[in-house]
There are 2 protein chains.
Amino acid sequence: MNIQFKKGVLEICVLSVLAHKDCYGYELVGEISKRIDISEGTIYPLLHRLKDEGYVTTYLQESAGGPSRKYYRLTEAGRNEEHEQKEEWMRFAASVNALLEGKNDAAD
Amino acid sequence: MNIQFKKGVLEICVLSVLAHKDCYGYELVGEISKRIDISEGTIYPLLHRLKDEGYVTTYLQESAGGPSRKYYRLTEAGRNEEHEQKEEWMRFAASVNALLEGKNDAAD
DNA sequence: ACACAGTATCTTGCAGTGCAAGGTACTAAC
DNA sequence: GTTAGTACCTTGCACTGCAAGATACTGTGT
């Protein structure tokens, strides 16, 4: 898969998954990997960015067969950001599709 | 507009416009800017990459009111690449949309 | 006891790409 | 001769995904 396509899109993907349920990092990789190839080295720095920006909070929870899990939960700011980025993605994807289909008129 | 969204997408946008007609760089900026904000500092290095990779050839043509224009024309390899990248984009966009809509089953 | 696989977190350094900023040069208009 | 528009190009920065590796806990097999 084209790596470049993912740039910036993974952030809204993570926000979107977290909008449905709290997740820990390892789980997020699994969820998103169903659709888009992604590695752990990408998710963890991204989650730390989101925390620094105030879009998520974290809490620890013990796990049955392994080390403790750090869950990530969207904040109010995170939900707003999720909403805005989702709309921006939709607009962007529509623009690209229009270009690829050769529609010259920017009106539609 | 989110800069990161554009990564890798501009290449297929350029290929797609060139698939419809030959263009010179300055013209491409205008065509694509109707849909997606883009600057000259992005287009020229990208066009040189495409030429290095053998996806386009160039020819000069005089202009009425200004310097000569360097037109870019897709090669056969360029047309194949355009086709493949277009399909990859479609698949990718569908995957992202499915993720954002919270569809958990990777089957669709 | 020991090795190994699976789970789970994290960091470092590299690579690709868009862009701001700047430079060059031609023509036309004022 | 100065400005605006067209047209080309380069340099260095910023952002982000990823490979690779480090750490550590649990359970299974030998």
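Small disclaimer: the values here were computed from a predicted structure and weren't measured. Each chain gets a letter, A, B and so on, in the order the sequences are listed, and its residues count up from 1.
- For B/Lys6 (side chain) and B/Asp37 (main-chain N/O), a donor-acceptor pair under 3.5 Å exists by modelled atom type.
- For the pair B/Glu31/B/Lys21, a side-chain contact is recorded, criterion being any heavy-atom separation below 4.5 Å from C-beta on.
- Heavy-atom contacts from other residues, nucleotides or ligands closer than 6.0 Å to NE2 of A/His20 number more than 12.
- Not counting sequence neighbours, the partners of B/Glu101 by the salt bridge (charged side-chain N to carboxylate O under 4.0 Å, His left out) test are B/Lys103.
- In this structure, A/Met1 atom CE and D/dC18 atom C1' are separated by 14 Å, rounded to whole Å.
- Residue pairs that meet the side-chain hydrogen bond (donor to acceptor under 3.5 Å, both in side chains) test with at least one member in residues 86-96 of chain A, sequence neighbours left out, are A/Trp89-B/Asn97.
- Considering only heavy atoms from C-beta on, A/Leu28 stays 4.5 Å or farther from A/Ile38 through its side chain.
- Contact footprint of chain A on DNA chain C: nucleotides with an atom under 4.0 Å from a non-hydrogen protein atom, first to last in 5' to 3' order, C/dT7 to C/dT17.
- Every residue two or more places apart in sequence or in another chain that forms a side-chain contact (heavy atoms from CB on, under 4.5 Å) with B/Tyr71 is listed here: B/Asp22, B/Tyr24, B/Glu27, B/Tyr59, B/Gln61, B/Arg69.
- Comparing A/Pro45 and B/Ile3, the nucleotide of DNA chain C nearest to each residue sits closer to the 5' end for A/Pro45.
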Nucleotides 23-29 of chain D: which of its N/O atoms have a protein N/O under 3.5 Å away?
none

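- No continuous path of ILVMFWY side-chain contacts below 4.5 Å connects B/Ile3 to A/Ile3, so the two sit in separate hydrophobic clusters.
- Contacts of A/Gly41 with the nucleic acid, taken as non-hydrogen atoms under 4.0 Å apart, include base atoms.
- Rounded to whole Å, atom C1' of D/dA7 lies 14 Å from atom CD of B/Glu62.
- The OH atom of B/Tyr24 sits 12 Å away from the C1' atom of D/dC8 (whole-angstrom rounding).
- In terms of hydrophobic clustering, with Ile, Leu, Val, Met, Phe, Trp and Tyr side chains grouped at heavy-atom distances under 4.5 Å, A/Leu50 and A/Leu60 are assigned to different clusters.
- Among residue pairs with one or both ends in residues 46-58 of chain B, those qualifying as side-chain hydrogen bond (donor to acceptor under 3.5 Å, both in side chains) are B/Lys51-B/Thr58, B/Tyr55-B/Glu81; sequence neighbours excluded.
- Residues A/Ile36 and B/Phe92 have side chains in contact (heavy-atom distance under 4.5 Å, counting atoms from C-beta outward).
- A/Glu40 comes within contact range of at least one nucleobase, with a heavy-atom separation under 4.0 Å.
- Looking at residues 48-57 of chain A, you'll see A/Arg49 sit with a heavy atom under 4.0 Å from some atom of DNA chain D.
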Do any side-chain atoms of residues 8-17 of chain B form donor-acceptor pairs under 3.5 angstrom with protein atoms, and if so which ones, sequence neighbours left out?
from, atom 1, to, atom 2, distance (Å)
B/Glu11, OE2, B/Gln85, NE2, 3.0
B/Ser16, OG, A/Leu100, O, 3.3

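- Contacts with DNA chain C (heavy atom under 4.0 Å) in residues 4-14 of chain A: A/Gln4, A/Lys7, listed by number.
- Within 4.0 Å of B/Asn2, counting heavy atoms only, lies no atom of the nucleic acid at all.
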Evaluate B/Leu47 against B/Val56 for side-chain contact (heavy atoms from CB on, under 4.5 Å), listing each step before the verdict. CA-CA 8 Å; B/Leu47 286 170; B/Val56 299; 5.6 Å; no
